[in-house]
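Right, one structure below, let's go through it.
Given the structure is predicted, the values throughout are model-derived calculations rather than measurements.
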Amino acid sequence: MSYQKFALRLALVTTFLLGACAGVFAQDQQDPSNKPRNVKPELKKAYKDWLDKDVTYIITDEERKAFKKLATDDERERFIEEFWRRRDPDPDTDENEFKEEYYERIAYANEHFSSGIPGWKTDRGRIWIMYGKPDERETHPMGGSYERPSYEGGGSTTTYPFEIWFYRYLAGVGSGVEIEFVDPTGSGEYRIARNPNEKDAMLMVPGAGLTLAEQMGLANKADRISGAGGIGNSQYQREQDSPFSRLQLLADLNRPPQVKFNDLAAAVNTGVVEDNPLNFDLRIDFFRQSDERVITAFTIQADNKDLVFSDSGGLQQARMNIFARITSVAGRRVGIFEDPVITTATAQELTEARDRKSAYQKAVPLAPGTYKVDVIVRDVTSGATGLKQLGFTVPKYDQEKLSTSTMILAAKLQSLVDQPAVGQFVIGTTKVIPNVSGVYKRGQPVGIYLQVYNAGIDQTTLRPSVDVEYVLSQNGKELGKQAEDWKGMSDSGQRLTLARLIDTRGLGAGEYEIAIRIRDRVTGQSLSPAQKFSVIQ
């Protein structure tokens with residue numbers, strides 16, 4: 001064989017081998033099973049337990065997603081530290097009161113609500129951990145004979161073990177929150193009831209445990225079972241027992257409690273907001289609580305026409321986030337508050353809703369002295385933001401001097417004598433929603449609210465003897481006056497409550513002043529607080 005032929009064959013063999021190797025290599029590259037797997041390391045047990053056990057009820061979806069994206073343990077430790085700091089009610093102290101109480105709640109739930117599963121996993125444990133001890137707790141651990149109240153249809157029946165927890169107020173849920181738990185299996189695991197019938201052990205027994213309406217043939221028990229007939233007599237059913245209200249309550253209770261708006265806190269610190277301003281009104285009122293404490297009420301109002309409504313589940317909704325910081329004259333922070341304000345309207349109500357206002361109020365007990373409050377409000381949809389900084393002095397009420405609270409011109413006055421006196425805008429037994437702008441449409445009544453302190457006691461009647469007169473004037477000219485036959489005495493005469501509505505149907509457009517002339521017959525002291533308001537057509 002010649003050298004040329006040998007070299008040619010060698011080149012052909014080499015080319016074939018190289019081609020075969022390249023094909024095998026290409027095939028190997030295309031095979032997904034041969035590619036290196038991008039596997040994210042699994043969380044350590046301590047972090048997984050923190051996420052899925054410790055804070056599973058209070059961590060928001062955004063926080064959970066952010067935590068899962070963290071790559072190192074150092075980042076996770078910083079995240080956990082910041083997580084608790086955001087919920088600390090007083091970051092200026094070394095202790096985190098929220099964190100300490102939270103873990104105490106978990107321990108209590110595990111000790112008292114375990115039933116084959118850990119207490120923290122039960123419905124009672126979850127509510128206790130999220131919201132703490134209820135204000136009232138009604139327990140029926142053995143069930144048994146039960147007389148239904150009228151709003152459940154009346155009549156007698158037999159129940160499973162059940163409990164009713166009552167919270168006067170839960171932020172983000174509402175006022176007068178009632179939660180019913182039922183143990184239908186007798187295992188000790190109580191579950192949140194979705195309707196009042198769940199505790200009725202006779203529900204599926206024909207002819208037994210009938211409501212009054214069913215006994216009289218006005219209702220059918222089968223309707224209760226199918227859900228079509230409510231609880232037997234819808235005429236007396238409470239609104240909170242309706243299916244929609246129950247479902248809304250369950251949804252609200254499943255949401256993590258609201259957390260601080262850190263972006264708003266940062267804006268308060270810098271005093272700088274975006275170029276998109278939001279106008280709002282701020283008012284501060286004072287009501288004596290004790291010799292050393294004064295209830296200071298901060299009222300914030302914004303015109304709905306300045307807010308952006310967006311569709312949410314078929315309803316039009318505007319949402320504001322509010323953050324405020326109170327500092328003393330020495331610069332020490334003495335309190336903060338932050339809350340969302342949600343205004344909802346149907347598409348048909350939207351036009352009318354835009355002509356109204358959205359209001360929020362926070363009452364804080366403060367010692368007499370000089371303070372400053374920084375308030376920032378943001379429209380969540382549009383991002384429009386407003387900032388106000390206001391100095392104020394909390395008065396010192398002298399026990400020997402006749403004095404009054406702030407005089408409030410109200411958009412709404414409502415007596416709560418027969419209702420739970422809890423929630424925003426509640427002063428004593430009256431719901432008072434201030435009209436911060438002081439502008440009323442003709443025909444809209446002007447509400448007036450005032451508390452009088454330290455009136456003298458007439459020793460013959462053992463009651464205060466105080467003359468009260470309302471005087472309406474315009475441009476310094478009296479238009480009319482009305483005497484007050486007050487009967488709102490409380491606290492052995494140490495506080496008299498004045499609440500009245502002034503009719504504006506006979507008033508023309510313009511500026512007015514309402515004064516309350518108060519004269520104590522016993523001590524001879526007198527006061528005349530006044531407020532101005534406007535009437536428009």
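- Ser528 and Arg517 are not linked by any side-chain donor-acceptor pair at a separation below 3.5 angstrom, with hydrogens and angles left out of the test.
- Residue pairs meeting the ring pair (Phe, Tyr, Trp, His ring centres under 6.0 Å) criterion with at least one member in residues 363-396, sequence neighbours excluded, are Phe298-Phe392, Tyr371-Phe392.
- Across every non-hydrogen atom of Ala499 and Tyr449, the tightest pair is CB-CD1, 4.1 Å.
- For Arg76 and Asp73, the salt-bridge test passes: some basic side-chain N is under 4.0 Å from an acidic carboxylate O.
- Applying the salt bridge (Lys or Arg N to Asp or Glu O under 4.0 Å) test to residues at least two apart or on different chains, the pairs with a partner in residues 356-365 are Asp303-Lys357, Glu352-Arg356.
- The backbone N or O of Ala71 sits less than 3.5 Å from a side-chain atom of Glu75, completing a donor-acceptor pair.
- Salt-bridge formation is not detected for the pair Lys401/Asp520: no Lys NZ or Arg NE/NH1/NH2 atom is positioned less than 4.0 Å from an Asp or Glu carboxylate oxygen.
- Residues in residues 389-398 take part in these salt bridge (Lys or Arg N to Asp or Glu O under 4.0 Å) pairs, two or more places apart or across chains: Glu292-Lys396.
- Gly125 approaches Ala109 most closely through the heavy-atom pair CA-CB, 3.8 Å.
- Between the side chain of Arg124 and the main chain of Glu163, no donor-acceptor pair closer than 3.5 Å is present.
- The structure places CD1 of Ile192 at 9.5 Å from OG1 of Thr122, a figure rounded to the nearest 0.5 Å.
- A salt bridge links Arg521 and Asp467; the closest N-O separation between the charged side-chain nitrogens and carboxylate oxygens is under 4.0 Å.
- Annotation: side chain to side chain donor-acceptor pair (under 3.5 Å) contacts of Thr404 (sequence neighbours excluded): none.
- The two residues Ala193 and Arg246 make their nearest non-hydrogen contact at O-NH1, 3.1 Å.
- The main-chain N or O of Phe181 is never found under 3.5 Å from a side-chain atom of Asp123 such that the two would form a donor-acceptor pair.
- Note: Trp50 and Trp84 have perpendicular aromatic rings, judged against thresholds of 30 and 60 degrees for the angle between ring planes.
- Between the side chains of Tyr47 and Glu77, at least one donor N or O sits under 3.5 Å from an acceptor N or O.
- Panel note: side chain Asn110, backbone Ser114; no donor-acceptor pair is recorded below 3.5 Å.
- Within the 3.5 Å criterion, the main-chain N or O of Gln444 finds a donor-acceptor partner in the side chain of Thr504.
- Pairing each heavy atom of Gln301 with each of Ser437, the nearest pair is OE1-N, 4.2 Å.
- With respect to Glu81 and Arg78, no salt bridge is recorded, no charged nitrogen being found less than 4.0 Å from a carboxylate O.
- For the 3.5 Å distance criterion, the side chains of Tyr169 and Asp135 fail to qualify, holding no donor opposite an acceptor.
- Proximity of a side-chain donor or acceptor of Arg126 to a complementary backbone N or O of Leu253 within less than 3.5 Å is detected.
- Using cut-offs of 30° and 60° on the angle between ring planes, the pair Trp165 and Tyr167 is perpendicular.
- The stretch residues 393-413 participates, sequence neighbours left out, in these ring pair (Phe, Tyr, Trp, His ring centres under 6.0 Å) pairs: Tyr397-Tyr453.
- The pair Asp281-Arg283 does not count as a salt bridge, with every side-chain nitrogen at least 4.0 angstrom from each carboxylate oxygen.
- Taking Asn279 as the reference, nothing meets the side chain to side chain donor-acceptor pair (under 3.5 Å) condition, with sequence neighbours excluded.
- Checking side-chain atoms of Gln531 against main-chain N and O of Leu409 turns up no donor-acceptor pair under 3.5 Å.
- Looking only at distances, a side-chain donor or acceptor of Asn304 sits under 3.5 Å from a matching main-chain atom of Ser358.
- Other residues, nucleotides and ligands contribute at most 12 non-hydrogen atoms within 6.0 Å of the NZ atom of Lys121.
- Annotation: cation-pi geometry not satisfied between Arg325 and Phe323 (NZ/CZ under 6.0 angstrom from ring centroid, within 45° of ring axis).
- Looking at Glu100 and Asn96, their side chains never bring a donor and an acceptor atom within 3.5 Å of each other.
- A side-chain N or O of Thr299 and one of Gln361 form a donor-acceptor pair less than 3.5 Å apart.
- The closest donor-acceptor contact from the side chain of Asp379 to the backbone of Ala384 lies at 3.5 Å or more, if one exists at all.
- If you check the side chains of Ser534 and Glu511, you find a donor sitting under 3.5 Å from an acceptor.
- Looking only at distances, a side-chain donor or acceptor of Tyr102 sits under 3.5 Å from a matching main-chain atom of Asp54.
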